[in-house]
Each structure stands twice: as C-alpha cells, then as structure tokens.
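Keep in mind it's a predicted model, so treat the numbers as computed, not measured.
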Amino acid sequence: MFMVFFFSAVMHEVLISVPFHMIRPWAFWGMMGQIPLVILTKYVDKRRPGSSFGNISFWVSFCFVGQPMACLMYTIDYWKQQSVTTTTLLQEGIITHMINTTAAKIMSTEL
C-alpha cells in the first residue's frame with residue numbers, strides 16, 4: 001500500500017511542478033496523508049460494519065479540505081515566486097494580471 005501511495009504522490013507532484021516551474025511538497029503530502037485515513041477507515045469499518053464513515057471522510061477530505069487547500073497553497077507559492085503583491089491584484093484584478101503576465105511571457109519567447 002505504501003509504494004502505491006508513494007508512487008502516486010511523486011507523480012502528482014511531478015504533474016503539478018512541471019507546469020508551475022516550481023517544486024513544492026503540497027501534492028506529495030496530500031497523497032501521503034491518505035494513508036492514515038485508509039488505516040482509520042479500516043479500523044472504523046471493523047468496529048462498525050456497514051458504516052458510511054469511510055465514504056464521508058473521503059469526500060470531506062477530498063472535496064472540502066484537500067483539493068481546495070492544495071490549490072490555495074500552490075497559488076500562494078506561485079504568486080510569491082512571481083512577486084505578485086496584493087496591491088497589484090487589487091489594482092489590476094486577478095484575471096487581468098494573469099492575462100498580462102502570460103502575454104508578456106509569450107511575447108518574450110523567441111519562436
């Protein structure tokens with residue numbers, strides 16, 4: 001079980017790190033954090049067979065805690081890397097800032 005989660009965690013991190021051009025541990029630790037959840041779920045299922053604890057804990061950790069938290073952590077780190085300040089985002093707007101920086105990067109690369 002450990003090797004499956006470890007391989008998946010490494011691949012998740014690679015798939016996120018390549019587009020962002022930065023290596024951060026958030027996806028890795030998010031995947032590895034599922035191991036204790038699996039162990040806890042198996043324990044609760046032995047104690048209370050037929051319980052929906054496993055299903056509820058998965059969806060809460062996946063939809064409400066895990067994915068949104070990972071997105072926020074990567075976004076904050078990306079903005080720090082790009083030296084984006086809150087003032088810049090408030091003045092330009094997030095979408096406008098993203099379009100302007102993307103367009104600047106495209107124009108600066110030589111074809």
With a cut-off of 3.5 Å and sequence neighbours excluded, list every side-chain donor-acceptor pair involving residues 22-39.
| from | atom 1 | to | atom 2 | distance (Å) |
| --- | --- | --- | --- | --- |
| Arg24 | NE | Asp77 | OD2 | 3.3 |
| Trp26 | NE1 | Asp77 | OD2 | 2.7 |

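Annotation: salt bridge (Lys or Arg N to Asp or Glu O under 4.0 Å) contacts involving residues 47-74, sequence neighbours excluded, are absent.
Put simply, Val10 and Met1 are part of the same group of oily side chains (I, L, V, M, F, W, Y) that touch within less than 4.5 Å, one to the next. Under a hydrophobic clustering in which Ile, Leu, Val, Met, Phe, Trp and Tyr are joined whenever their side-chain heavy atoms come within less than 4.5 Å, directly or via other members, Val4 and Phe6 fall into different clusters. Linking ILVMFWY residues whenever their side-chain heavy atoms come closer than 4.5 Å, directly or via other members, leaves Phe58 and Phe53 in distinct clusters.
The line from CG of Leu15 to OG of Ser8 is 9.5 Å long, rounded to the nearest 0.5 Å. For the atom pair CG of Asp45 and OG of Ser52, the computed distance is 10.5 Å after rounding to the nearest 0.5 Å.
Under the rule for a ring-ring contact (aromatic ring centres under 6.0 Å, His included), the partners of Tyr78 that lie at least two apart in sequence or sit in another chain are Phe20.
The closest donor-acceptor contact from the side chain of Ser17 to the backbone of Val14 lies at 3.5 Å or more, if one exists at all.
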